[in-house]
Amino acid sequence: MEEKKRLLLIDGNSVAFRAFFALHQSLERFVNHDGLHTNAIYGFKTMLDNIIENVEPTHILVAFDAGKKTFRNTKYSDYKGGRAKTPTELSEQFPYVKKMLEAYGMKHYELKNYEADDIIGTLAYQGETQGFETTIVTGDRDLTQLATKKTTVAVTQKGVTEVENYTPEHVKEKYGLTPAQIIDMKGLVGDSSDNYPGVAKVGEKTAVKLIKQFESIEGIYENIDALKKSKMKEHLVEDKEKAFMCKDLARIRCDIPLKVTLDDIEWTGIDEKALVDFFHEMDFKRFLEKMKMDDEPSQKVIQNINFDVLSQEKLDQIDFSGNKEISFYLEMLGENYHTAPLVGFVLNIGAKYYVARDTKLLKHLKLRKLLEDENIAVDVFDGKRTFVGLDRLGIHLTAVRFDLLLVSYLLDTSDNSNDLGKLAQLHNYTQVLEDEQVYGKGSKLKIPENDTEYYGHLCNKARTIKKLRNSMMKKLSDNHQEELYYNIERPLSIVLAEMEIDGITVDTRRLEEMGSEFKERISEIKETIYQEAGEKFNLNSPKQLGVILFEKMKLPVIKKTKTGYSTAVSVLEKLRGMAPIIDNILKYRQIAKIQSTYVEGLLKVTFKKDSKVHTRYTQTLTSTGRLSSVDPNLQNIPIRLAEGKKIRQAFIPQEKEWQIFSSDYSQIELRVLAHISRDANMRAAFSEGQDIHANTAMNIFELDSPTEVTSNMRRQAKAVNFGIVYGISDYGLAQNIGITRKQAKEFIEKYFQVFPGVKEYMERIVSSAREKGYVETLFKRRRYLPDISSRNYNIRSFAERTAMNTPIQGSAADIIKVAMINMQKMLKEKKLKAKMLLQVHDELIFEAPNEEITVLEKFVPKVMDAAVSLDIPLKVESSYGKTWFDAK
DNA sequence: TGGTTCACG
DNA sequence: ACGTACGTGAACCAA
C-alpha cells in the first residue's frame with residue numbers, strides 16, 4: 001500500500017497576525033519574566049497543536065514574508081502601501097515564533113523579493129505533482145485560489161484554532177467561482193488591505209456575476225462590445241489596464257526559485273527537550289504542566305459515599321423487595337477467581353450502598369434472591385469473574401444486564417485493561433481509584449484494614465458501574481454492537497464460566513511418569529553438550545550459549561538480537577551439520593520446554609481436590625476478538641511434534657468409561673476470507689469441496705490437473721494462503737518457506753492475479769481503515785487502528801497488515817463463539833451428560849459418556865456449521881478417543 | 001521488568 | 001530503501 005504523504009504549509013506572518021489580534025485584549029497578561037509579549041506565540045502554538053492533530057502532516061513548512069519590498073512593488077509601487085506599521089509588541093515575537101518552530105522540528109523559510117504566499121504556492125504546486133495531500137493554513141482568503149482536489153486551504157476564523165476549510169467545492173459554494181477565478185475577482189474588485197484598486201465601482205457581487213458569465217477578465221474584455229451600455233461598462237473600459245494589473249498582483253506564483261525542496265521539509269517530530277526549555281523561557285506554565293501530566297496523572301479527588309455495613313442481624317431487618325435493578329461487585333484478592341479469597345462485596349440499590357467483608361452473608365436469602373432472581377437486572381464489572389466467585393458460594397448469578405468490562409472491550413478491543421479504575425478513566429469517569437492504588441501489588445497485595453478506605457473503594461466501584469451504564473450502552477448502540485453484546489459476548493461469558501468451573505481432568509500419574517522419563521533424557525543430552533562444548537554452562541541462557549557457539553566454537557553468526565547473538569531454532573537449523581552440538585541443543589530445547597512448561601507447569605496448576613485444571617479464558621484481551629487462556633494456557637498444548645504431543649495423553653475424561661470428543665472447523669479463516677472478499681475463484685474452490693491448498697498450488701504454479709501438484713508445491717501454496725491471511729509481505733513469505741524475496745514476490749503477484757477479489761479486499765479494507773480509523777468483523781467487533789496513518793513506515797505497515805488480518809481472524813472468532821453458545825444450549829436441552837470443556841480457536845473439545853458419542857458426532861458439527869450462514873459452506877471434522885491424544 | 005525463546009491456532 | 005508475517009501465554013535469564 002502506498003505511503004500517504006501529507007504536506008502542511010503555514011502562512012507564518014498571517015497566522016501570527018491573527019493570533020496576535022485574537023488575544024489582543026489580554027495582551028498584558030501574556031508577558032514573560034523578561035517583559036516579552038507572548039500572546040502571538042501562545043496563539044500560534046495553539047493553532048499548531050490543533051492543526052497537527054487534525055492533519056497529521058508528514059511534511060511541514062512555515063513560510064514568512066522576507067521584507068517589505070517584493071517583485072510586486074516593481075509592478076505597482078504602492079502595493080501594500082499605506083499599511084500601519086506592525087506593532088512592536090508583535091514584531092518582537094517573530095524571532096521567538098521561529099525559535100518555537102525549531103523546537104517543534106518544523107522548517108521555516110523566507111525568500112527575498114517574494115511573499116510567503118508565493119513560497120506556499122510553489123510548494124503546493126510541487127506537492128500536487130508528487131502526490132501529496134496538502135493543507136495550507138492562513139488567515140488570508142486570497143490563498144483560496146490555491147485550492148484543488150488535493151489541496152485544502154484552511155482559513156483561520158475569529159480565533160486561531162477554528163478554521164474554515166476551502167476545497168474547490170467550498171470555494172464554489174462561498175463565491176460561486178472556481179479557485180482559479182478568485183484572482184479574476186480580485187482583479188476587478190481590488191484589495192484595500194493590499195492597497196490595489198481594481199475597477200472602479202465594481203464590488204464582489206458584480207465581479208462574480210461578470211466572471212460567471214465570461215469566465216475570466218480576459219473573457220470579459222474579449223466580449224466587452226457585447227455588453228449593454230452602462231456606467232459599469234464605462235468603468236470597465238476605463239480601468240482595463242488596472243484590472244489586468246491587479247489580477248497579476250493577486251496571482252500567487254507557483255514557480256518561484258526556492259532553495260528548499262519537499263524532501264528538505266519532512267517532519268521528524270517535536271524536540272521535547274527544546275520545547276520544554278522554550279516553554280520555560282516563555283513562562284508557559286500550563287503547557288509545561290500538561291506535558292508533565294501526560295507522564296504522571298495527578299491525584300484525583302473522590303467524593304465520599306455513605307454506606308451501610310451489612311451483618312446477619314441487619315439483613316434480617318432490611319427490606320430489599322420491589323427493586324428491579326442493582327449494581328454489584330464481589331471482591332476477590334488475586335487474579336485467579338477460582339482460588340482467590342472472597343474478601344468482600346458491595347451492593348447498590350437505588351441511592352443506598354451496602355458493603356461487607358464477610359461474603360458468606362451473600363448466602364442470606366435476601367441477598368441470594370437479588371442475585372438469582374431472573375427479573376432483577378444485575379449490573380457488574382466482569383460478569384464471568386463474578387459468576388465463578390458466586391458459584392463458589394453456591395449462588396447462581398442469573399440476570400447480568402450491564403457488564404462494564406465486556407462493553408468497554410467491545411467498544412474498542414484495544415481497551416483491554418481489566419482494572420475498573422483504568423477503564424472508568426478511559427470513559428471519562430474519575431471517581432474511582434485503580435485496585436493497585438488501594439490494594440497494592442505483588443507481595444504487598446492486601447485489603448486495607450481501614451474500613452472507610454476499603455468500603456469507600458468498593459462503593460466507588462459500584463457507583464462507577466451504575467454511572468457508566470447509560471453512556472456506554474449508548475455508545476454500543478451507536479456502533480451497532482448491541483447484537484454482538486446481547487447475543488454473543490454476554491451469554492458467552494456464562495458459557496465460559498461454566499467450562500472453567502467444569503475444568504478438565506489431568507492424569508497426574510501419567511504426567512509424572514513422562515516427567516521422570518524426560519528428566520533422564522535431559523540430563524543425558526546435557527552431559528553430551530557439555531562435553532562437546534568443553535565446559536559446563538547454563539544451557540537455558542541464550543547469552544551463555546551464544547558465547548559458546550559463536551565465540552568459542554566460532555560458528556557463523558546468522559542473526560543478532562538487541563542483546564546479542566540469536567540462538568533461536570531458525571538460526572540453529574542453519575548451523576546444523578556444522579557441529580554435532582547443534583542437534584543436541586535443539587533436542588535439549590525441545591524436551592526442556594515440554595518438561596518445564598507442560599509436565600511441571602501443568603502439575604503445578606492441577607487442583608488436588610478434583611485432579612483437574614481450571615483454566616481462565618480471558619474474554620476481553622485480544623485485539624481481534626479471540627479468547628485467550630491462562631493459568632494454565634490450554635490453547636497451546638503441543639501437537640506438532642511427536643514428543644510433545646504425548647502430553648495430550650494426560651488429558652482424560654472425568655469418568656473412566658467416558659471419551660474425549662473433539663470437533664474443529666476446517667480452514668475457517670480462508671473460508672471467511674472467501675466470504676468477505678467474494679473472490680469468485682476462491683469461493684468456487686470451497687463450494688466444490690476442493691483441497692484449498694492444492695487448488696492454490698494449481699493456480700499459482702499454473703498446473704492443469706490436481707495430479708500435477710507435488711507435496712512441495714502444496715506446502716508452499718499453504719504458506720502463501722497463510723501469508724494472505726496475515727496480510728502478506730514478500731519478506732515474511734520468503735522467510736517462512738525459505739525462498740528468495742524475489743520468488744516470494746512472484747508468488748504473491750501470481751496469487752493476486754488468480755484471486756483478484758482477494759486483492760481488492762486487501763486494498764478496500766486498508767483504505768476503509770484509513771478513512772474510518774477502525775476495522776470491523778462480521779459481527780461488528782471493532783478494532784481501532786490509529787497507526788494506519790503513521791508517518792513511520794514500519795508502524796504504518798504493521799497497521800495495514802492488521803487491517804487485513806483482523807476482520808478474518810476476528811470473524812472466525814465470532815463464529816466459533818456463536819457455535820459455543822448454541823452448543824451449550826443444545827447440551828442442556830438434550831439433557832446430555834457431555835460437557836464442553838475447551839475451546840482452541842477453531843476447535844471445541846468435550847468429554848462424554850460412550851453412549852452419547854453418536855449424538856455428539858451428529859449434532860456438534862451441525863451446530864458449528866449452523867453458527868453462521870456464509871456464501872460458502874463451513875466444514876467441521878470430528879474425532880474422539882480415550883484421551884485428548886487419541887481424539888485426533 | 002524486559003528480552004528471548006517456543007508452544008499453539 | 002525501508003525491515004515484518006496475524007493472534008496468544010509461559011518459562012527462563014539478566015539486570
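Only heavy atoms go into these numbers, but all of them, side chains included; no hydrogens, no water, no symmetry mates. Note on naming: letters A, B, ... go to the chains in the order of the sequence lines (proteins, then strands), and numbering restarts at 1 for each one.
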**Item:** Rounded distance in Å between the P positions of B/dC6 and C/dG3
**Value:** 25 Å
**Item:** P-based separation of C/dA5 from B/dG3 [nearest Å]
**Value:** 16 Å
Kindly indicate whether the side chain of [X] and the base of [N] share any N or O donor-acceptor pair separated by less than 3.5 Å?
X: A/Gln809; N: C/dC6; value: yes
X: A/Tyr793; N: C/dG3; value: yes
X: A/Ser628; N: C/dT8; value: no
X: A/Arg801; N: C/dG7; value: no
X: A/Arg741; N: C/dG3; value: yes

Nucleotide [N], atom [atom2] - distance to [atom1] of [X] in whole Å:
X: A/Arg640; N: B/dC8; atom1: CZ; atom2: P; result: 5 Å
X: A/Arg616; N: C/dT8; atom1: CZ; atom2: P; result: 17 Å
X: A/Glu643; N: B/dC6; atom1: CD; atom2: P; result: 16 Å
X: A/Asp730; N: C/dC2; atom1: CG; atom2: P; result: 14 Å
X: A/Arg781; N: C/dG7; atom1: CZ; atom2: P; result: 15 Å
X: A/Tyr565; N: B/dT5; atom1: OH; atom2: P; result: 14 Å
X: A/Tyr409; N: C/dG7; atom1: OH; atom2: C1'; result: 11 Å
X: A/Asn794; N: C/dC6; atom1: CG; atom2: P; result: 11 Å

**Complete:** Heavy-atom contacts, protein to nucleotides 10-15 of chain C, under 4.0 Å, summarised as B (base), S (sugar-phosphate only) or - (none) per nt, yield SSSSSS
Using a cut-off of 4.0 Å on non-hydrogen atoms, how would the nucleic acid contact of [X] be classed: base, sugar-phosphate, or nothing?
X: A/Thr567; result: sugar-phosphate
X: A/Gly723; result: base
X: A/Ala799; result: nothing
X: A/Ile637; result: sugar-phosphate
X: A/Leu733; result: base

**Request:** Hey, can you tell me if A/His693 and A/Phe722 have their rings parallel, tilted or perpendicular (30° and 60° cut-offs)?
**Result:**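 Because their plane-to-plane angle is under 30°, the rings of A/His693 and A/Phe722 count as parallel.
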**Message:** Using 30° and 60° as the class boundaries, would you call the ring planes of A/His614 and A/His338 parallel, tilted or perpendicular?
**Reply:**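 Ring orientation, 0 to 90° scale: tilted.
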Between [X] and [Y] (salt bridge meaning N to carboxylate O under 4.0 Å), is one present in this structure?
X: A/Glu434; Y: A/Lys422; value: yes
X: A/Arg510; Y: A/Glu512; value: no
X: A/Arg576; Y: A/Asp583; value: yes

**Base-pairing string, 5' to 3', of DNA chain C - Watson-Crick or wobble, under 3.5 Å, | interstrand** = .....|||||||||.
**Prompt:** Hey, does the side chain of A/Thr777 reach the backbone of A/Ser811 with a donor-acceptor pair shorter than 3.5 angstrom?
**Reply:** no
**Request:** May I ask you to decide if A/Glu56's main-chain N or O and A/Arg6's side chain share a donor-acceptor pair within less than 3.5 Å?
**Result:** yes
Can you tell me which nucleotide in [options] comes closest to the side chain of [X]?
X: A/Arg589; options: B/dG3, B/dC6, B/dC8; result: B/dC6
X: A/Arg783; options: B/dA7, C/dA5, C/dG7; result: C/dG7
X: A/Lys562; options: C/dG7, B/dT4, B/dT1; result: B/dT4
X: A/Thr563; options: B/dG3, B/dC8, C/dA5; result: B/dG3

**Fill in**
Note: for A/Ser797 and A/His841 on DNA chain C, the residue whose nearest nucleotide lies more 5' is A/Ser797
With no hydrogens and no angle check, do the side chains of [X] and [Y] hold a donor and an acceptor under 3.5 Å apart?
X: A/Thr268; Y: A/Arg791; answer: no
X: A/Glu800; Y: A/Ser797; answer: no
X: A/Thr615; Y: A/Ser629; answer: yes

**Identified side chain to side chain donor-acceptor pair (under 3.5 Å) counterpart of A/Thr624 within the set A/Arg783, A/Gln809, A/Arg781** = A/Gln809
**Asked** Can you check whether A/Tyr731 stacks with the C/dT4 base, using ring centres under 5.5 Å and planes within 30°?
**Response** yes
